[in-house]
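Structure, as structure tokens:
Nothing here was measured: the structure is a model prediction, and the numbers come from that model. This chain uses plain numbering: 1 for the first residue, then up along the sequence.
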Amino acid sequence: MMKPAPLSALWPLLATMAGYCTAAHAAPQLMAPPVTTLSPQQSSNLLTQLTAMDAARGLAPELSVRLSSQHPGAAGQKIVRTQHTYKGLRIFGSESVVVTDTAGTIVSVASTDRRAVSTGGLAPLAAADVPPAISPAEAIRIAASSVAPRGWTAGRPAPSC
């Protein structure tokens, strides 16, 4: 009966195989190198394109977008996230993901339906015109007591506004 080789004798073989497998089966690079942030002109161009698309879909002019973040996409594309706003106020849970080519032209847009929001969806638009009934500190106190009914988190002071 043959005796198995000691593990130390297998390391050179395993290292050679690992190098072969890595070189032979390396995945192609899908993402471009990090992009620089949009210049003011590029941001303006993108917002102009998005505003024109929204107007063509019949959205009210009070509904707009705010650029929030970006990262590189495949083949030099840029992926930009936008937050939807109503009269400059962010609509919580409503955003778009915009893909642009290297020239800054919109390739695709995936977004939540802002018309549903305007008819009483996530945050009714009429609520933006109502002044708050409580102070920010009172809102924090109520929110904290609803998620931590026995008081604020152990030993940490309550946040202040």
Which heavy atom in E95 sits nearest to a heavy atom in T82, and how many Å separate them?
CB-O, 3.0 Å
If I compare all heavy atoms of L63 with all of Y86, which pair ends up nearest, and what's the gap?
CD2-CD1, 4.1 Å
Between H84 and S96, do the side chains contain a donor N or O and an acceptor N or O under 3.5 Å apart?
yes
Could you tell me which non-hydrogen atom of S64 sits nearest to which non-hydrogen atom of T85, and how far apart they are?
OG-OG1, 2.6 Å
Contacts of type salt bridge (charged side-chain N to carboxylate O under 4.0 Å, His left out), residue R90, not counting sequence neighbours:
none
Interatomic spacing from CG in D101 to OG in S108 - rounded to 0.5 Å
10.5 Å
side-chain contact (heavy atoms from CB on, under 4.5 Å) between H71 and K78: does it pass, once the steps are laid out?
CA-CA 6 Å; H71 58 89; K78 293 180 183 177; over 6 Å; no
The reported gap from CG in L46 to CD in Q70 (rounded to nearest 0.5 angstrom) is 9.5 Å
By salt bridge (charged side-chain N to carboxylate O under 4.0 Å, His left out), R66 pairs with (sequence neighbours left out) none
Would you indicate whether the side-chain heavy atoms of V98 and T100 approach each other to under 4.5 Å?
yes
Side-chain donor or acceptor of T48 paired with backbone N/O of S44 under 3.5 Å
yes
Test your reading of the model: is there a side-chain donor-acceptor pair from Q42 to the backbone of S39, 3.5 Å cut-off?
yes
How far apart are the closest heavy atoms of G104 and Q49, and which atoms are they?
O-NE2, 3.0 Å
Nearest atoms (heavy-atom pairs only) where I106 meets V109
CG2-CG2, 3.6 Å
Quick one: which of L67, V65, V97 gives a side chain to side chain contact (heavy atoms under 4.5 Å, CB included) with R81?
V97
Show the nearest heavy-atom pair for residues T112 and G93, with the distance to one decimal.
CG2-O, 3.9 Å
